[in-house]
Participant: 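I am attaching a structure below and will ask some questions about it afterwards.
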Amino acid sequence: MNSSDIDAHEERWQAVLARDASQDGVFFYGVGSTGIYCRPSCPSRRPNRLHVSFYLTQTEAEQAGFRACKRCHPNMISQQSRHQALVAQCCRLLAAEGEQGQSLSLQALAKKVGVSSFHLHRLFKTHTG
Ligand SMILES: [Zn+2]
């Protein structure tokens with residue numbers, strides 16, 4: 001695991017603590033002690049971080065053996081809203097980088113949000129034109 005992975009985990013964990021609904025669909029978290037996975041805004045009690053793992057898709061979480069939470073229904077997030085969440089997240093990242101006078105390449109951006117640059121390019125075309 002390199003340091004940018006650790007940063008991404010820290011950001012995701014902070015989003016979970018804040019029940020950040022803008023991160024719904026961007027990632028999911030699984031709780032090892034319960035075998036359940038949730039969206040970040042789930043109203044349930046915050047888990048112990050030691051038991052938490054992060055997944056970018058519902059499929060990944062399910063393949064890791066987690067079941068969808070009955071409270072926040074992470075499996076009900078549509079592909080469409082997941083894509084919109086990704087695009088919104090990219091826009092925020094781009095705006096933040098712009099303020100620092102840096103520009104983020106499509107590849108770097110794709111890596112940050114955990115999708116392929118090809119996929120991201122297509123998403124941007126579809127959602128922002
Ligand atoms: Zn939940």
Side-chain angles (χ1 to χ4, degrees):
M1 189 186 286
N2 63 37
S3 66
S4 74
D5 286 339
I6 293 169
D7 284 351
H9 275 220
E10 182 58 33
E11 277 172 30
R12 285 170 192 159
W13 176 242
Q14 292 304 326
V16 168
L17 288 180
R19 293 188 171 86
D20 185 353
S22 73
Q23 298 295 304
D24 281 4
V26 177
F27 72 90
F28 303 88
Y29 70 94
V31 185
S33 52
T34 59
I36 300 275
Y37 75 96
C38 288
R39 57 173 91 187
S41 70
C42 181
S44 67
R45 201 164 57 84
R46 297 300 87 179
N48 186 322
R49 186 177 180 174
L50 292 174
H51 299 144
V52 170
S53 45
F54 298 106
Y55 301 95
L56 293 170
T57 63
Q58 295 103 315
T59 314
E60 276 178 46
E62 282 167 17
Q63 278 170 354
F66 291 101
R67 282 173 298 119
C69 172
K70 293 238 172 12
R71 295 187 69 177
C72 64
H73 301 286
N75 52 331
M76 304 292 272
I77 296 178
S78 69
Q79 188 81 335
Q80 173 80 4
S81 57
R82 176 170 150 70
H83 287 169
Q84 279 167 354
L86 271 176
V87 170
Q89 192 192 24
C90 288
C91 290
R92 279 199 302 274
L93 283 170
L94 284 172
E97 295 290 324
E99 278 168 17
Q100 292 164 22
Q102 298 167 344
S103 69
L104 215 53
S105 71
L106 184 67
Q107 279 83 0
L109 196 59
K111 197 162 178 288
K112 268 183 184 279
V113 297
V115 299
S116 74
S117 52
F118 173 74
H119 184 57
L120 193 63
H121 186 229
R122 235 180 21 189
L123 277 182
F124 259 87
K125 268 192 149 152
T126 315
H127 290 277
T128 63

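Reckoned from all heavy atoms, side chains included, excluding hydrogens, waters and symmetry mates. Counting starts at 1 for both ligands and their atoms, in listed order.
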Participant: Keeping Asp20 on the side-chain end and Pro40 on the backbone end, is there a donor-acceptor pair under 3.5 Å?
Facilitator: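 Not confirmed, Asp20 side chain does not pair with Pro40 backbone.
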Participant: Please name all residues satisfying side-chain hydrogen bond (donor to acceptor under 3.5 Å, both in side chains) with Ser117, sequence neighbours left out, ordered by chain then number.
Facilitator: none
Participant: With a cutoff of under 4.5 Å between side-chain heavy atoms, which Ile, Leu, Val, Met, Phe, Trp and Tyr residues group with Met76?
Facilitator: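 Besides Met76, the hydrophobic cluster comprises nothing; the residue is isolated.
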Participant: Please list, chain by chain and in numerical order, all residues satisfying side-chain hydrogen bond (donor to acceptor under 3.5 Å, both in side chains) with Glu99, sequence neighbours excluded.
Facilitator: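 Partners of Glu99 under the side-chain hydrogen bond (donor to acceptor under 3.5 Å, both in side chains) test: none.
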Participant: Nearest 0.5 angstrom please: Tyr29 OH to Cys72 SG, how far?
Facilitator: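 If I round to the nearest 0.5 Å, the distance is 6.5 Å.
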Participant: May I ask you to determine how many protein N/O/S atoms are under 2.8 Å from the Zn ion (ligand 1)?
Facilitator: 4
Participant: Within this structure, what is the CG-OG distance for the pair Asn48 and Ser33, rounded to the nearest 0.5 Å?
Facilitator: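 Answer rounded to 0.5 Å: 7.5 Å.
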